[in-house]
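Report on the following structure.
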Amino acid sequence: MAHLLSALAISPPDSSPSTSQYSLSIFQRFENPNIFASNSMIRCLAKSQTPQNSFLLYKSMHQNVYCQPNNYTFPFVLQACSKLLGTREGPQIHNHVVKLGFTKDVYIKNSLINFYSVCGQIQSSRQVFDENPQCSDIVTWNAILASYARDKQLDIAEQLFGEMPEKDVISWSTLIVGYVQGGKLEKGLDCFREMKVKGLIPNEAIFVTVLSASAQMGLLEHGKLVHSTMKTSNCRMTVPLRTALIDMYAKCGCIEMSRQLFDEMRQRDVWSWNVMICGLATHGLGKEALELFERFTKEGRRPVNVTFVGVLNACGRAGLVNEGRQYFKLMTEVYGIEPEMEHYGCIVDLLGRAGFVEEALQLVENMTIQPDPVLWGTLLGACKVHGQVELGEKLGRKLIEMDPKHDGHYVLLANIYAKARKWEDVVRVRRLMVDRGNNKIAGWSLIEAQGEVHRFIVGDREHKHSLEIYKMLNVIDRRLAEAGYSPDVSPVLHDIGKEEKENAIRVHSERLAIAFGLLVTQVGDCIRIVKNLRVCEDCHLVCKMISKIFEQEIIVRDGSRFHHFKVGNCSCHDYW
DNA sequence: GTAGGGTTAG
């Protein structure tokens, strides 16, 4: 019987919720389970959906004088505590460890460090690390490294990394993941480069993470480099890795490559479907995204919250208002998914753009969660597009009250007044902004060339080829003028003259990046730009014209979507 | 016969 139990208890960790139930039902028939059976059961429960049961079984064992926990028991039960985030249970176990004299056991020590780390108790984690330093091994160091990385104390993590007596690939992985999750994307990529120079072979976690970093930054060349490193290092193409590649290509503008990799997959998980659906949506391929979603559900699979962010976005990009309403209903009523801020963002954007501002307002006012400033901003944007001055004014005031330091709100409100030709109000709001606001997000655009990242801000003169770039800008201006272009200065509302306004637009960061792009590429080549903010109407028009005049496709990833400019047209159909 | 550290999507 004991033999049967152990076989069950160590069977695949919780492939179905009933696995642990079944094991437990057999375990409970034992009158006096031995230590091995009990440990196996605790392990099985720790890996199940109900780790609290693992803790409960441990407690009953602890009270049983005939079968006391041993050194194997603690790593299992601590794993359960970590999964539970059991800040009450974990320290109890820690006490038992001390009382039973297991503090010098390196496995238990490492489990404790990890437990405190995932519970965010970095001091306790450090304390366990510092005790019995002679009982540390490489895993101990990796665990404390991960603790600081999780806590976003990257300076300390970096320092520890330097002090480690030895490093393995998991040490590198922990540091790289720490950088990327802590938003230090460039540092993560530097670290990846460094380990490759040292001749170390990256593992799956590292590849997934650096692909995510490349994707977030929109660095196609770098992403491709990672892809080829994966091929040469003969790494196994797992589902998460293929999914990370699909996401990277989509976020770096190569939606075709992304789709091809998706179609070639023999097995997919919900992440694979999600990144593909979201990717198609941000490229304005709403119809394809919705087709994919339908295929997904027809396969009998269950969408999750993120799936619907993609679906609702797809409806928004394609202007499918009725479908958007229906999918929102499907999500909440059929799948029982609670809408999150992102879902509201999509649906409010969709309704607002299509002119159903009142309906969008109703939705926001009846939300189950507290709307955030971004959501109110979306609604305010809709007021601007549809000239709803009165409501816009009300919302603008509210928004400025909520978040008085944010310049964007003042600008939006001023734009609404400008559209209504209420110039005195425009001036008033802009003065208010100068007095009270100051949180302006600095706009930038970047372009990759010859493996280097070139980042520009408005009016940038820092680039080493600045002179050539500005000469190119003149060439562009001349050819644009020949093609009949005259700048639309309405988005620039500063109290300045027309000529200055023209100049302010002329040196928008994307223009500089495109000028540089034209210098370093050939006719027929694609110019890829990534920018953090949304592209303004004038630059959008200019991009369309440049794509035609210079016979080069331009792909711009802006703060919320992709624009593919080709022979004078944009994939967004001027709807963004 | 049982044990510890790193991974992806809005």
Side-chain angles (χ1 to χ4, degrees), chain A residues 2-3 5-7 9-10 34-44 46 69-79 82 102 105-115 117-118 125 128-129 135-147 149-150 164 167-178 180-181 202-216 238-248 250-251 269-279 281-282 303-314 339-346 560:
Chain A
H3 186 72
L5 175 79
S6 57
I10 58 169
N34 66 10
I35 183 68
F36 175 69
S38 301
N39 284 346
S40 298
M41 194 65 239
I42 289 173
R43 172 188 190 259
C44 176
N70 67 4
N71 56 322
Y72 285 97
T73 318
F74 290 104
F76 296 139
V77 70
L78 283 166
Q79 197 179 78
S82 304
F102 283 119
D105 184 295
V106 67
Y107 283 87
I108 296 173
K109 176 176 177 172
N110 298 343
S111 303
L112 280 167
I113 294 172
N114 186 248
F115 162 74
S117 162
V118 301
S125 192
V128 178
F129 174 77
C135 302
S136 292
D137 65 4
I138 191 166
V139 178
T140 320
W141 281 87
N142 287 341
I144 193 68
L145 184 64
S147 298
R150 242 181 231 126
M164 288 178 79
K167 302 176 182 64
D168 63 7
V169 68
I170 294 189
S171 321
W172 285 89
S173 158
T174 307
L175 189 64
I176 293 173
V177 169
V180 173
Q181 291 191 341
N203 60 11
E204 185 184 8
I206 293 174
F207 281 129
V208 167
T209 304
V210 293
L211 282 172
S212 158
S214 312
Q216 287 177 58
T238 60
V239 172
L241 259 176
R242 287 180 195 271
T243 303
L245 276 171
I246 292 167
D247 187 45
M248 182 278 290
K251 289 212 171 79
D269 63 11
V270 66
W271 292 70
S272 326
W273 290 89
N274 285 348
V275 297
M276 195 68 246
I277 291 170
C278 292
T282 54
V304 296
N305 51 359
V306 182
T307 322
F308 281 100
V309 174
V311 167
L312 294 173
N313 250 326
E340 296 163 50
M341 205 61 77
E342 284 81 355
H343 302 110
Y344 284 114
C346 295
S560 73

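Chain identifiers are assigned alphabetically (A, B, ...) following the order of the sequence lines, protein sequences preceding nucleic acid strands; residue numbering begins at 1 within each chain.
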Reckon [X] touches a base, only the sugar-phosphate, or nothing at all at heavy-atom distances under 4.0 Å?
{"X": "A:Glu340", "answer": "base"}
{"X": "A:Lys251", "answer": "sugar-phosphate"}
{"X": "A:Val106", "answer": "base"}
{"X": "A:Val306", "answer": "base"}

Checklist entry - Do any side-chain nitrogens or oxygens of A:Ser212 fall under 4.0 Å of OP1 or OP2 in B:dA9? => result yes
Item to check | Residue-phosphate contact under 4.0 Å: A:Gln181 side-chain N/O, B:dT7 OP1/OP2 | outcome: yes
Next on the checklist: According to side-chain contact (heavy atoms from CB on, under 4.5 Å), who are the partners of A:Ser136, at least two apart in sequence or on a separate chain?
Outcome noted: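 With sequence neighbours excluded, A:Ser136 shows a side-chain contact (heavy atoms from CB on, under 4.5 Å) to A:Lys109, A:Thr140, A:Trp141, given in chain and number order.
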Next on the checklist: Which residues pass the side-chain contact (heavy atoms from CB on, under 4.5 Å) test with A:Tyr107, not counting sequence neighbours?
Outcome noted: A:Pro75, A:Asp105
Checklist entry - If you check the A:Asn39 side chain, which of B:dG10, B:dA9, B:dT2 turns out closest? => result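 Taking heavy atoms from C-beta onward, the closest nucleotide is B:dT2.
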Checklist entry - Out of B:dG10, B:dT8, B:dA3, which nucleotide sits closest to the side chain of A:Asn305? => result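 Taking heavy atoms from C-beta onward, the closest nucleotide is B:dG10.
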Rounded interatomic separation in angstrom, taking [atom1] from [X] and [atom2] from [N]:
{"X": "A:Leu312", "N": "B:dA9", "atom1": "CG", "atom2": "P", "answer": "20 Å"}
{"X": "A:Asn313", "N": "B:dG10", "atom1": "CG", "atom2": "P", "answer": "10 Å"}
{"X": "A:Asn274", "N": "B:dG10", "atom1": "CG", "atom2": "P", "answer": "9 Å"}
{"X": "A:Leu175", "N": "B:dT7", "atom1": "CG", "atom2": "P", "answer": "12 Å"}
{"X": "A:Glu204", "N": "B:dT7", "atom1": "CD", "atom2": "C1'", "answer": "7 Å"}
{"X": "A:Ile170", "N": "B:dT7", "atom1": "CD1", "atom2": "P", "answer": "10 Å"}
{"X": "A:Asn70", "N": "B:dG1", "atom1": "CG", "atom2": "P", "answer": "15 Å"}
{"X": "A:Ile176", "N": "B:dT7", "atom1": "CD1", "atom2": "P", "answer": "12 Å"}

Checklist outcome for this item: A:Ala149 and A:Gly178 have their tightest heavy-atom pair at CB-CA, 3.8 Å
Next on the checklist: For the backbone of A:Asn305 and the side chain of A:His343, can you confirm whether one donor and one acceptor N or O come within less than 3.5 Å of each other?
Outcome noted: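 Answer holds: yes.
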Next on the checklist: Holding to side chain to side chain donor-acceptor pair (under 3.5 Å), I want the full list of residues that pass it with A:Ser111, two or more places apart in sequence or in another chain.
Outcome noted: none
Checklist outcome for this item: side chain to side chain donor-acceptor pair (under 3.5 Å) filter on A:Glu204, not counting sequence neighbours, yields A:Thr238
Item to check | Partner of A:Asn39 by side-chain hydrogen bond (donor to acceptor under 3.5 Å, both in side chains), out of A:Asn71, A:Thr73, A:Asn34 | outcome: A:Thr73
Next on the checklist: For DNA chain B, which residues of residues 240-247 of chain A approach it to below 4.0 angstrom with any heavy atom?
Outcome noted: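 Only A:Pro240, A:Asp247 qualify.
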Checklist entry - With sequence neighbours left out, what residues match A:Tyr72 under ring-ring contact (aromatic ring centres under 6.0 Å, His included)? => result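 In terms of ring-ring contact (aromatic ring centres under 6.0 Å, His included), with neighbours along the sequence ignored, A:Tyr72 is linked to no residue.
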Next on the checklist: Is A:Tyr107 stacked against the base of B:dA3, taking the criterion as centroid distance under 5.5 angstrom and interplanar angle under 30°?
Outcome noted: yes
Checklist entry - Is the aromatic ring centre of A:Phe76 closer than 5.5 Å to the centre of the six-membered base ring of B:dT2, with the two planes inclined by less than 30°? => result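 Answer is no, no stack.
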